[in-house]
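For reference, the structure discussed in these notes is given below.
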Amino acid sequence: MSSESFTCLTCQVSFRDSDMQRQHHKSDWHWYNLKRKVVSLPPVSPEQFKTKVLEQKKQEAESNLVHQYYCNTCRKKFNSQNTFNTHLRSKKHVQITTPDNAGDYVVVSTESLTEKERLRARVLRKTESPR
């Protein structure tokens with residue numbers, strides 16, 4: 001009997017004992033390869049998987065950047081540029097805008113915030129809706 005008799009056919013790896021195999025079956029790498037197998041794709045190596053995970057985390061970090069738009073004239077905040085632009089064209093906003101306060105708004109990006117402020121902005125973004 002060989003010293004590596006336990007295998008994972010999905011990931012194409014072998015193990016010395018059943019505990020290592022069980023631990024592997026709980027890993028994200030194994031689950032990822034299982035999903036690939038279902039759609040008839042070949043398994044990825046651990047290195048490829050780590051690269052994909054890092055790329056995914058990078059994309060998530062970029063998408064978590066919060067841009068908030070605030071209209072000082074109306075005292076309203078917006079989380080998307082589209083709703084903010086719609087607000088600027090709205091009848092109510094146009095009616096209360098004067099030459100003195102035209103363009104009186106602020107765009108805040110989380111790039112300039114601390115990590116704690118970014119987390120708070122993310123929580124606010126999920127829990128608050130624009131007025």
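Computed from a prediction, not measured in an experiment: that's the story for all the values here.
You'll find the side chain of Y32 stays beyond 4.5 Å of the side chain of L34, heavy atoms only. Under the 4.5 Å side-chain criterion, counting only non-hydrogen atoms from C-beta, Q81 is in contact with Y69.
Scanning all heavy atoms of the two residues, the minimum distance from Y70 to R75 falls at OH-CA, 3.3 Å. The two residues Q48 and S45 have their closest heavy-atom pair at OE1-N, 2.8 Å.
In this structure, OG in S27 is found 8.5 Å from CG in N33, a value given to the nearest 0.5 Å. Put simply, NE2 on H30 and CD on Q21 are 9.0 Å apart, with the number rounded to the nearest 0.5 Å. To the nearest 0.5 angstrom, K77 atom NZ is 14.0 Å from C71 atom SG. Rounded to the nearest 0.5 Å, atoms SG (C74) and CD1 (I96) are 3.5 Å apart.
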Next on the checklist: With side chain to side chain contact (heavy atoms under 4.5 Å, CB included) as the criterion, how do Q56 and K52 come out once you've worked through the C-alpha distance, each side chain's angles and the decisive distance to 0.1 Å?
Outcome noted: CA-CA 6 Å; Q56 180 67 29; K52 287 181 179 289; over 6 Å; no
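Remark: the T86 side chain and the T83 side chain contain no N/O donor-acceptor pair separated by less than 3.5 Å.
Distance alone, capped at 3.5 Å, places no donor-acceptor pair between the Q12 side chain and the P43 backbone.
Aromatic pair F84/F78: ring centres closer than 6.0 Å.
By the rule that hydrophobic residues join a cluster once side-chain heavy atoms approach within less than 4.5 Å of another member, F15 and W31 end up as members of separate clusters.
Ring geometry, H24 versus W29: the interplanar angle exceeds 60°, so the pair is classed perpendicular (tilted spans 30 to 60°).
Under a 4.5 Å side-chain heavy-atom criterion applied to ILVMFWY residues, the cluster that includes V94 comprises that residue alone.
The stretch residues 20-45 participates, sequence neighbours left out, in these salt bridge (charged side-chain N to carboxylate O under 4.0 Å, His left out) pairs: D19-R22.
With respect to V53, the side chain to side chain contact (heavy atoms under 4.5 Å, CB included) criterion is satisfied by exactly one of K57, K50, E55: K57.
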